Enquirer: 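Encoded as structure tokens, here's the structure I'll be asking about.
For clarity, every value in this text was computed on a predicted model and none was experimentally measured. This chain uses plain numbering: 1 for the first residue, then up along the sequence.
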Amino acid sequence: MLRHAHWWQRRWVRYGALITLLALSGLVILALVREQTGTEGFLVGLGLAVLPVPLLVAAFRWLDRVEPGPWRNLVFAFAWGACAAALIAIVANSFATRWIATATADPSSADTLGATVIAPIVEESAKAAAVLLVFLFRRRDFTGIVDGVVIAGITATGFAFTENILYLGTAFGTDQLTGDTGIASVTVATFFVRVIMSPFAHPLFTVLTGIGFGVAALSGPRQHLRRVLLPLGGLLLAMGMHALWNGSSTFGEFGFFAVYAAFMLPALGLLTWLVVWTRQRELRTVREELPAYAAAGWLTPAEPFALGSMRARRLARDHAGRHLGKAAAREVARYEAYATSLAFLRHRGRRGRANADFVVRERELLNELWRRKDVARPALDHAARMTAPPVQVVPPPWPVYGAYGYGPGHGPLQPYGQAPGPGYGYGYPPGPAYGNRPGPAAGLPTDHGGYGYPAGQGGPGHPTGQSPYPYPYH
């Protein structure tokens with residue numbers, strides 16, 4: 001007898017609870033920020049803080065193009081960062097700073113300690129919670145380093161968005177009180193530092209946590225210790241870099257710029273290289289794993305090449321959209337995503353890192369591909385032809401007689417059917433065709449008297465399929 005799931009285990013209940021939690025967090029954080037900045041400051045901060053968001057989201061989506069995750073994961077990550085993580089950070093940071101100020105009776109040192117120690121621990125932990133939730137409950141969508149980077153980066157983008165509203169709105173309120181305007185205003189300085197110079201700061205910190213979870217996702221099912229230590233290690237690195245960034249102002253007059261040039265920019269360049277290299281490795285995995293399914297008949301021989309090239313993928317979507325409409329282009333995009341997931345699944349299986357549902361998941365992915373093959377295959381075959389590297393035919397260094405050296409020709413190699421001298425058999429030169437009867441041959445493909453080709457015009461030849469030689473050339 002089947003047991004029914006408890007009401008709290010139903011999907012709609014969990015989704016409803018999560019949406020309610022995020023909505024309440026958003027309302028509370030909205031009220032707190034508006035109270036601190038005022039309505040006008042809030043609107044100014046909102047307008048300025050939103051500027052880097054589309055660029056950062058687009059950058060992370062670009063990284064995720066090989067195996068794009070579902071939008072619901074990205075929406076959850078951004079909402080968690082902007083609402084839940086920001087609320088946790090504001091409440092916890094304020095409480096900890098006040099407690100330290102009361103305990104030490106030194107508000108200035110409490111602010112410094114709160115910024116360099118408390119804030120990195122609280123904020124990075126709050127942002128890491130979103131990565132952990134996706135890792136635990138959306139395991140099929142979390143398969144490697146790129147997935148960890150994308151989820152962590154989108155979460156941090158949402159967090160930075162809310163934090164920038166607070167900082168920019170507060171700066172605008174300060175300018176309203178002091179009457180400062182123009183380039184010397186606090187608002188302009190805050191905008192330059194947070195939006196122009198370092199919009200990537202929070203994503204950079206949290207991406208370290210995402211890499212830890214991504215490497216853990218690549219671990220085998222029995223490597224429990226590794227799955228725990230790697231995310232913790234990434235989280236500690238994120239906290240350390242965050243603390244270094246927040247404490248840069250205490251290193252002297254040029255401490256901020258020194259940390260920015262010596263640590264932040266090199267770290268950004270290194271992590272960008274790592275993620276792009278990982279993306280290229282994923283494409284190579286697709287090209288290496290999918291030929292097995294092509295050999296079994298699930299894919300065409302050209303598909304592994306096309307699916308392992310981002311340019312070919314784009315051409316396939318464009319081709320389908322141009323000839324069959326936008327719905328067909330979306331189907332091709334889904335086909336590409338499922339094929340990539342299939343390649344990654346087989347790669348993990350060959351390395352002994354597949355989960356217990358490997359066979360079930362493989363069958364699901366193959367069925368999804370088979371449902372879309374009539375739309376996707378022609379588009380991918382077209383893309384493969386358009387992007388295949390040209391093959392240069394180099395003539396042999398030795399003398400060639402007649403056509404292909406079969407008979408004594410008079411001069412250099414000529415195109416089929418155009419050699420000036422007599423040739424023997426095969427129907428290639430315009431001399432005697434198979435059977436040694438004179439007459440002009442017509443060139444490929446109708447001049448072949450033998451090997452199962454259609455009979456040539458100048459010789460008797462043999463009908464297709466009736467050549468005296470057992471070659472299946474027909």
Side-chain angles (χ1 to χ4, degrees), residues 22 26 45-83 85-86 127 130-131 134 138 141-165 168 191-211 213-214 238 264-265 267-283 286 307 309-318 321 326 329-330 332-334 336-337 340-341:
L22 293 176
L46 176 63
L48 296 177
V50 78
L51 294 178
V53 172
L55 298 178
L56 292 171
V57 172
F60 287 113
R61 284 294 292 173
W62 178 83
L63 292 175
D64 200 31
R65 291 300 297 171
V66 176
E67 188 188 20
W71 271 103
R72 61 177 179 270
N73 292 348
L74 303 185
V75 172
F76 161 74
F78 187 89
W80 181 275
C83 300
K127 290 182 287 183
V131 188
V134 177
R138 289 290 176 185
D141 303 329
F142 204 124
T143 59
I145 294 176
V146 172
D147 295 317
V149 167
V150 171
I151 295 298
I154 295 293
T155 304
T157 300
F159 183 90
F161 168 66
T162 301
E163 190 179 68
N164 284 341
I165 296 175
L168 290 166
F191 178 82
F192 180 76
V193 171
R194 299 190 65 86
V195 178
I196 302 299
M197 284 187 65
S198 58
F200 58 85
H202 273 289
L204 178 62
F205 307 146
T206 313
V207 157
L208 296 172
T209 304
I211 291 175
F213 276 100
M264 295 293 289
L265 291 181
L268 176 64
L270 179 62
L271 288 178
T272 302
W273 171 84
L274 174 63
V275 174
V276 172
W277 175 82
T278 302
R279 172 177 147 144
Q280 295 301 318
R281 190 181 66 172
E282 289 183 343
L283 290 173
V286 171
L307 291 166
S309 166
M310 296 307 296
R311 178 170 175 261
R313 289 184 175 205
R314 178 178 54 80
L315 289 175
R317 295 192 299 270
D318 293 344
K326 294 182 178 180
R330 288 193 293 269
V332 173
R334 294 189 185 100
E336 293 170 351
T340 305
S341 298

Enquirer: Can you list everything that forms a salt bridge (charged side-chain N to carboxylate O under 4.0 Å, His left out) with R334? Sequence neighbours excluded, please.
Expert: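 With sequence neighbours excluded, R334 shows a salt bridge (charged side-chain N to carboxylate O under 4.0 Å, His left out) to E331, given in chain and number order.
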Enquirer: Please name the pair of heavy atoms, one in T278 and one in V146, separated by the smallest distance, quoted to 0.1 Å.
Expert: CG2-CG2, 3.7 Å
Enquirer: Determine whether I151 and L74 make a side-chain contact, defined as any pair of heavy atoms from C-beta on separated by less than 4.5 Å.
Expert: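 Counting from C-beta outward, I151 and L74 do come under 4.5 Å.
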Enquirer: Donor-acceptor pairs under 3.5 Å, side chain of residues 54-67 to any protein atom, not counting sequence neighbours: which ones?
Expert:
unit_1 : atom_1 : unit_2 : atom_2 : d
R61    : NH1    : G69    : O      : 3.4
D64    : OD2    : G69    : N      : 2.8
E67    : OE1    : T143   : OG1    : 3.2
E67    : OE2    : S341   : OG     : 2.7

Enquirer: What's the spacing between I145 CD1 and I211 CD1 if we round to 0.5 Å?
Expert: 6.5 Å
Enquirer: Minimum heavy-atom separation for P199 and I196, please, with both atom names.
Expert: CD-O, 3.6 Å
Enquirer: Quick one, D141 and R72 - any side-chain contact, counting heavy atoms below 4.5 Å?
Expert: yes
Enquirer: Does any part of the side chain of L274, heavy atoms only, come nearer than 4.5 Å to the side chain of V149, both counted from C-beta?
Expert: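 No - every pair of side-chain heavy atoms lies 4.5 Å or more apart.
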Enquirer: Between S309 and L283, what is the shortest heavy-atom contact and its length?
Expert: N-CD2, 4.5 Å
Enquirer: Find the distance between CD (E336) and CE (M310) and round it off to the nearest 0.5 Å.
Expert: 7.5 Å
Enquirer: According to the interplanar angle, ranging from 0 to 90°, do the rings of W273 and W277 count as parallel (below 30°), tilted (30 to 60°) or perpendicular (above 60°)?
Expert: parallel
Enquirer: Please step through side chain to side chain contact (heavy atoms under 4.5 Å, CB included) for the pair V53 and F78, ending with a clear verdict.
Expert: CA-CA 10 Å; V53 172; F78 187 89; 3.9 Å; yes
Enquirer: Does L307 offer a backbone N or O that forms a donor-acceptor pair with the side chain of R313 under 3.5 Å?
Expert: yes
Enquirer: Can you pull the salt bridge (Lys or Arg N to Asp or Glu O under 4.0 Å) pairs that have at least one residue in residues 45-57, sequence neighbours excluded?
Expert: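 Non-adjacent pairs meeting salt bridge (Lys or Arg N to Asp or Glu O under 4.0 Å): zero.
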Enquirer: Might you work through the side chain to side chain contact (heavy atoms under 4.5 Å, CB included) test for N73 and F142, ending with a clear yes or no?
Expert: CA-CA 10 Å; N73 292 348; F142 204 124; over 6 Å; no
Enquirer: Working to the nearest 0.5 Å, report the span between CD of E282 and CZ of R279.
Expert: 9.0 Å
Enquirer: V131 and G210: which non-hydrogen atoms are nearest, and at how many Å?
Expert: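 Nearest pair, atom of V131 first, then G210: CG1-CA, 4.5 Å.
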Enquirer: Would the distance check show the side chain of S198 and the main-chain N or O of V193 forming a donor-acceptor pair, the cut-off being under 3.5 Å?
Expert: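 Looks like yes, one N/O pair under 3.5 Å.
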Enquirer: Given side chains that start at C-beta, do those of T157 and F161 come closer than 4.5 Å, heavy atoms only?
Expert: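 No. Closest side-chain heavy atoms not under 4.5 Å.
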Enquirer: Which heavy atom of A77 sits nearest a heavy atom of I154, and at what distance?
Expert: CB-CG2, 4.0 Å
Enquirer: Quick one: closest heavy-atom pair of G45 and L168, and the distance?
Expert: CA-CB, 3.9 Å
